[in-house]
Amino acid sequence: MKILLVEDDKALAEGLATSLRDAGLLVEVAADGRTADFQVSTERYDAVVLDLGLPDGNGTQWLSGWREQGIDLPVLILTARERWSDKAAGFSAGADDYVTKPFETAEILFRLRALVRRAHGHAHPVIRVGDIALDTHAAQVTRSGMPVALTAQEFRLLSHLIHAAPRVVSRTELSEHVYDGDQEPDSNVIDVQVSRLRRKLGSSTIETIRGQGYRMAGGEPA
Ligand code: CA
């Protein structure tokens, strides 16, 4: 899961980014609307956390522009306490959810996971494909009810495949959502990680679709 955090308060941005990264998310930070505008237009994110008070305009104005361009990713706005009018403006501009400052980092994390799950069409917090279950709230994977130990990167890769299932996910899409921008892998790295996941989850759980990418093999016994 890759998040763009748009926040001009440097200490707040760094603190939140660190906590979200510790939880296994990829986080890029933009300190103003113009930078965020460039990033959402050129990179793929799973969600945006958007502060409303930015140095180059209100976050709602930037958000309206993104929605007009058809950029449909989930947006969680950060608003100052007691400013109901801010929340209303945020929703009217196309926000999906909000959190009031000061906030608990865990709340942002839970809301982001729910937003991303919903964006993929999943209402239930546990997404099941065959005997594999991803608990999106607890960020845990089980196979036939038994917890599977995964590295942060393996978890991101598998989580993206499970969210997208039964769709085929290209290597390009995986590299955009699973790896940091400055460490974009060649497809060999992805192949190696998929092999490791197959060893942990069962060899037939992730299918290779020649020339297209990967997908979760639904329902088949491992
Ligand atoms: Ca601000």
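Order of listing sets the numbers, starting from 1, for every ligand and every atom in it. Heads up: numbering here begins at 1 and tracks the sequence.
Salt-bridge check for Asp135 with Arg117: failed, with every basic side-chain N at 4.0 Å or more from each acidic carboxylate O.
The number of heavy-atom neighbours closer than 6.0 Å to CZ of Phe91, taken from other residues, nucleotides and ligands shown, is above 12.
Excluding waters, the set of protein N/O/S atoms under 3.0 Å from the Ca ion (ligand 1) reads Asp8 OD1, Asp51 OD2, Gly53 O.
A side-chain donor-acceptor contact under 3.5 Å links Thr208 and Arg198.
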Can you give the donor-acceptor pairs under 3.5 Å from side chains of residues 122-130 to other protein atoms, not counting sequence neighbours?
unit_1, atom_1, unit_2, atom_2, d
His122, NE2, His163, O, 3.0
His124, ND1, Val126, N, 2.9
His124, ND1, Val126, O, 3.4

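When the ring-ring contact (aromatic ring centres under 6.0 Å, His included) test is applied to Phe110, the partners found at least two apart in sequence or on another chain are His137.
Applying the salt bridge (charged side-chain N to carboxylate O under 4.0 Å, His left out) test to residues at least two apart or on different chains, none of the pairs has a partner in residues 29-41.
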